[in-house]
Amino acid sequence: MSKKNKTYTEEFKKTLVDFINNGKTMAEVSREYGVATSNLVGWKKLYSNISQDSEELITLIEYKKLKKALTIFAKN
């Protein structure tokens, strides 16, 4: 039998990351929602805020998009 990969919405992923950032352990979230801990680790990296400076927070996804845009504009 082959295992079917599950697809999760971005909203679902962000919600689970919020649970982790607000004190639940990855093990708890993994058990409660049936999601592999490895998925949670990756989602936490993507959706947790990173500090630009003392007043602005962005996610890793936003940072990568910004970096890509800057690369494109720098070539022109």
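In this text, all values refer to a predicted model and were calculated from it rather than measured experimentally.
- If you take CD on Glu10 and OG1 on Thr15, they are separated by 10.5 Å, rounding to the nearest 0.5 Å.
- Note that NZ of Lys44 and CG of Asp18 are 10.5 Å apart. Values are rounded to the nearest 0.5 Å.
- Looking at residues two or more places apart in sequence or on another chain, you find no side-chain hydrogen bond (donor to acceptor under 3.5 Å, both in side chains) involving Lys13.
- Taking CG of Leu46 as the start and CD1 of Ile61 as the end, the distance is 4.5 Å to the nearest 0.5 Å.
- Listed by chain and residue number, nothing satisfies the side-chain hydrogen bond (donor to acceptor under 3.5 Å, both in side chains) test with Asn39 (two or more places apart in sequence, or in another chain).
- Annotation: side-chain hydrogen bond (donor to acceptor under 3.5 Å, both in side chains) contacts of Lys64 (sequence neighbours excluded): none.
- At a threshold of 4.5 Å between non-hydrogen side-chain atoms, the residues Val17 and Ser48 count as touching.
- Evaluation of the ring pair (Phe, Tyr, Trp, His ring centres under 6.0 Å) rule for Tyr47 yields no partner, not counting sequence neighbours.
- Annotation: the span from Asn21 atom CG to Leu16 atom CG amounts to 11.0 Å, rounded to 0.5 Å.
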Name the atoms and distances for all side-chain donor-acceptor pairs under 3.5 Å in residues 26-33, with sequence neighbours left out.
residue : atom : partner : partner atom : Å
Glu28   : OE1  : Thr25   : N            : 2.8
Glu28   : OE1  : Thr25   : OG1          : 3.4
Ser30   : OG   : Val35   : O            : 2.5
Glu32   : OE1  : Lys24   : NZ           : 2.7
Glu32   : OE2  : Lys24   : NZ           : 3.0

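- The ring pair (Phe, Tyr, Trp, His ring centres under 6.0 Å) search around Tyr8 returns Phe12, Trp43, not counting sequence neighbours.
- To the nearest 0.5 angstrom, Lys68 atom NZ is 12.5 Å from Leu66 atom CG.
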